[in-house]
Amino acid sequence: MNAAAVTKRQQTLQRKLLAWYDRNGRDLPWRRSKDPYAVWLSEIMLQQTQVATVMPYYERFVRRFPTVHVLAAARIDAVLKLWAGLGYYSRARNLHKAAAEIVREHDGRFPDSVEALRTLPGIGRYTAAAIASICFGRRAAVVDGNVIRVLTRLFNISDDVRKPATVNRLWGIADSHAPARRCGDYNQAIMELGATVCTPGATARCDICPLQAQCAARKAQTVAELPRKSAKAVVRHETHIVAAICADDRWLIRRRPSDGLWGGLWELPSAQVSGAATVEAVRRLARSLGVPRCTVSTQPFCVSNHQLSHRLIRFTGYRCSLQGTEAADSMNADLRWVTLAQFSKLGISQAMRRIAEALGAGESNDRGTRSISRRQSRHGKPVRSAGTPRAASRRIA
DNA sequence: AATTCGGGGGC
DNA sequence: GCCCCAGAATT
């Protein structure tokens, strides 16, 4: 908030960063205009996600939803479908909500202040400042993972950056250094420096850094140790079962509740179990879906480990064939019967995609035969999800 | 202040 | 394997 006391040193940093950025800034799709919609979308996608990962998703998304009006009018399923695989799906749900809000409350125009932007779902202090500075020329500093690295090194700050108090301190420092003019470029410059030069650990390229003469960590030879982070929480291990319930060539799928993990995405019904994966647990899951009687394969068709940042989930999938013709709860809009091809085109997580592929590999190989078969891909290599024990990689029909 | 949210790039 | 990533919302 305080732009009053701008020191000579701050001006030097601003000038060097901007000059460096003018020469070395990457040509990214969302930098080609100051259209707040494009910038907003990119900033949301880039949350905790690297540029290289975002690129194809961004291109697809703007092609399908070119304006905030188109996005606001879309169904959430269509949005999640294009987001599928990118992770952190609340971003997509909040994006959709915010689009509707912008159209409804702001006549389709983006708010141009940090405070007003901040009220939109999915827009926190970083994203609000990024949009306000880049699109509307506001003087608003940003702090992200890149800026944390650059600032802790520039000022040789060894506080634990996992503590909110440390990050708050960095927000203050960032704010005191943000220039009144070209603040959007300045913000992108310091992030670009963190992404391409002031990189983590020993990969930092201090030799080509425009701020090497000003860097306290370089002088103190602490670059590789900064930023300092306390140990992160240990990953919990969980066991989940998957019920692949089949009637003819259709599978019962369900939409996950909109909050929580993989919220709003479709899945082959799954559930966490406390002990080991069992056929009994699968039967219970099937019953809860309105499938009272079915035959559950004794051998799983797939065991797949899925690593998340804070937990490791082991999915064990079982085939279930329906007895009789009773349908699952037909009044439940979150349940559907679809072919595997249809399923793969819906918004589903990467974890579920792998499970569905294991299921499909077994299908295609089993076509026309009842024999025990080793699942194979088209390339002839055995299909085996990460961590699958060999014994479980074959299915007994 | 601590947890919860995904998935992949790059070493 | 490991660390990290243009963070936000919830508890």
Side-chain angles (χ1 to χ4, degrees), chain A residues 25-26 28 30-31 39-58 80 83-95 97-98 117-131 133-134 140-150 160-168 171 174 184 186-196 198-204 224-225 227-236 256-265 305-313 347-354 386-387:
Chain A
R26 290 169 292 181
L28 302 174
W30 46 87
R31 283 185 180 157
V39 172
W40 170 54
L41 175 60
S42 72
E43 292 298 348
I44 300 296
M45 284 190 167
L46 286 163
Q47 287 168 9
Q48 297 295 287
T49 312
Q50 298 183 160
V51 168
T53 304
V54 163
M55 206 78 84
Y57 285 89
Y58 177 84
L80 284 172
W83 206 275
L86 195 54
Y88 286 142
Y89 299 95
S90 67
R91 294 185 294 176
R93 297 192 302 273
N94 284 332
L95 193 80
K97 277 187 209 158
L117 286 163
R118 184 71 185 71
T119 67
L120 292 167
I123 297 188
R125 59 177 174 175
Y126 163 81
T127 306
I131 297 172
S133 64
I134 295 170
V142 296
V143 172
D144 73 333
N146 293 306
V147 176
I148 286 173
R149 196 161 48 247
V150 172
D160 179 5
V161 298
R162 281 215 161 85
K163 290 188 182 306
T166 304
V167 177
N168 286 334
W171 271 93
Y186 172 85
N187 284 338
Q188 295 187 82
I190 191 167
M191 290 190 284
E192 189 88 342
L193 189 74
T196 63
C198 195
T199 48
T203 65
E225 307 157 24
R228 220 197 96 229
K229 297 184 179 182
S230 52
K232 56 179 175 183
V234 293
V235 297
R236 298 193 311 276
R256 295 177 60 86
S258 60
D259 55 342
L261 187 64
W262 297 309
L265 298 187
N305 288 328
H306 193 76
Q307 180 79 59
L308 292 80
S309 23
H310 52 298
R311 49 178 157 162
L312 178 63
I313 301 179
I348 61 177
S349 68
Q350 287 300 91
M352 199 49 62
R353 186 167 297 284
R354 287 195 202 98

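Predicted model only: the values in this text are computed from it and were never measured. Just so we're on the same page: letters track the sequence lines, and every chain starts at 1.
Residue A:S42 is the one, among A:I123 and A:S42, whose nearest nucleotide of DNA chain C lies closer to the 5' end (criterion: closest heavy atom). Mapped onto DNA chain B by nearest heavy atom, A:T53 and A:G87 fall at different nucleotides, with A:G87 at the one closer to the 5' end. Of the residues near DNA chain B, A:A165 and A:W262, the one whose nearest nucleotide (by heavy atom distance) lies more toward the 5' end is A:A165.
The side chain of A:P164 sits closest to B:dA1 out of C:dA8, C:dC5, B:dA1. Of all nucleotides listed (C:dA6, B:dC5, C:dA9), B:dC5 comes nearest to the side chain of A:H310. Distance from the side chain of A:V51 is smallest to C:dA6 among C:dG7, C:dA6, C:dC3. Across C:dA6, C:dA8, B:dC5, the shortest atom-to-atom separation from the side chain of A:R26 is found for C:dA6. Of the listed nucleotides (C:dG7, C:dA6, B:dG6), B:dG6 has the atom at the smallest distance from the side chain of A:L308. Of the listed nucleotides (C:dC5, C:dA6, C:dA8), C:dA6 has the atom at the smallest distance from the side chain of A:L46.
Among the protein residues, A:R353 comes within range of no part of the nucleic acid, since none of its heavy atoms lies under 4.0 Å from any strand. Residue A:T49 is in base contact, counting any heavy-atom pair closer than 4.0 Å across all strands shown. Nucleic acid contact class of A:G194 (heavy atoms, under 4.0 Å, all strands): none. Note on A:G85: only backbone sugar-phosphate atoms sit closer than 4.0 angstrom, heavy atoms only; bases stay farther off. In this structure, A:L28 reaches the bases: a heavy-atom distance under 4.0 Å links it to at least one base atom across the strands shown.
Between A:R236 and B:dT4, a side-chain N or O to OP1/OP2 separation shorter than 4.0 Å is present. A:R91 has no side-chain polar atom (N or O) that falls below the 4.0 Å cut-off from OP1 or OP2 of B:dT4. In this structure, A:R118 does not reach the C:dA8 phosphate: none of its side-chain N or O atoms is under 4.0 Å from OP1 or OP2. An OP1 or OP2 oxygen of C:dA8 is reached within less than 4.0 angstrom by a side-chain nitrogen or oxygen of A:T127. At least one side-chain nitrogen or oxygen of A:H306 sits closer than 4.0 Å to the OP1 or OP2 atom of B:dG7. A:W30 has no side-chain polar atom (N or O) that falls below the 4.0 Å cut-off from OP1 or OP2 of C:dA6. Phosphate contact (OP1/OP2 of B:dG7, side-chain N/O of A:Y57, threshold under 4.0 Å): absent. Between A:Q350 and the phosphate of B:dG7, there is no side-chain N or O to OP1/OP2 separation shorter than 4.0 Å. Between A:R162 and the phosphate of B:dA1, there is no side-chain N or O to OP1/OP2 separation shorter than 4.0 Å. An OP1 or OP2 oxygen of B:dG6 is reached within less than 4.0 angstrom by no side-chain nitrogen or oxygen of A:Q307.
A donor and an acceptor atom never sit less than 3.5 Å apart when one is taken from the side chain of A:S349 and the other from the base of B:dG7. Residue A:Y88 places a side-chain atom within donor-acceptor reach of the base of B:dG6, judged by atom type and a 3.5 Å distance cut-off alone.
Within the 3.5 Å criterion, the main-chain N or O of A:T196 finds no donor-acceptor partner in the side chain of A:T199.
Following rounding to the nearest Å, A:L312 (CG) and B:dG6 (C1') show an atom-to-atom distance of 13 Å. Rounded to an integer number of Å, the gap from A:D144 CG to C:dA6 C1' is 4 Å. For the pair A:L80 CG and B:dG7 P, the interatomic distance rounds to 12 Å; values are reported in whole Å. Rounded to an integer number of Å, the gap from A:R256 CZ to B:dT4 P is 15 Å. Separating the CE atom of A:M45 from the P atom of B:dG6 is a distance of 15 Å, rounded to the nearest angstrom. In this structure, A:R311 places its CZ atom 11 Å from P of B:dG7, rounding to the nearest Å. Straight-line distance from the OH atom of A:Y89 to the P atom of B:dT4: 19 Å, rounded to whole Å. Taking atom CG of residue A:D160 and atom C1' of nucleotide B:dA2, one finds them 13 Å apart after rounding to whole Å.
Distance CD1/A:I148 to CH2/A:W171: 9.5 Å, rounded to 0.5 Å. Summarising the geometry, atom CZ belonging to A:R93 is positioned 13.0 Å from atom OH belonging to A:Y88; distances are rounded to the nearest 0.5 Å. The line from CG of A:L46 to CG of A:L41 is 9.0 Å long, rounded to the nearest 0.5 Å. With rounding to the nearest 0.5 Å, the separation of CG in A:D144 from CD in A:Q48 is 9.0 Å.
A:Q47 and A:Y126 share no side-chain donor-acceptor pair at under 3.5 Å. Between the side chains of A:R91 and A:T49, a donor-acceptor pair is found at a separation under 3.5 Å.
Pairing of B:dG6, defined by two Watson-Crick or G-U wobble distances under 3.5 Å, is not identified with any nucleotide.
Comparing C:dC3 with B:dG6, their C1' atoms are spaced 16 Å from each other, to the whole Å. Of the P atoms belonging to C:dA6 and B:dC11, the separation is 14 Å, rounded to the nearest Å.
Side-chain contact between A:E43 and A:I123: absent, with no pair of heavy atoms (C-beta onward) separated by less than 4.5 Å.
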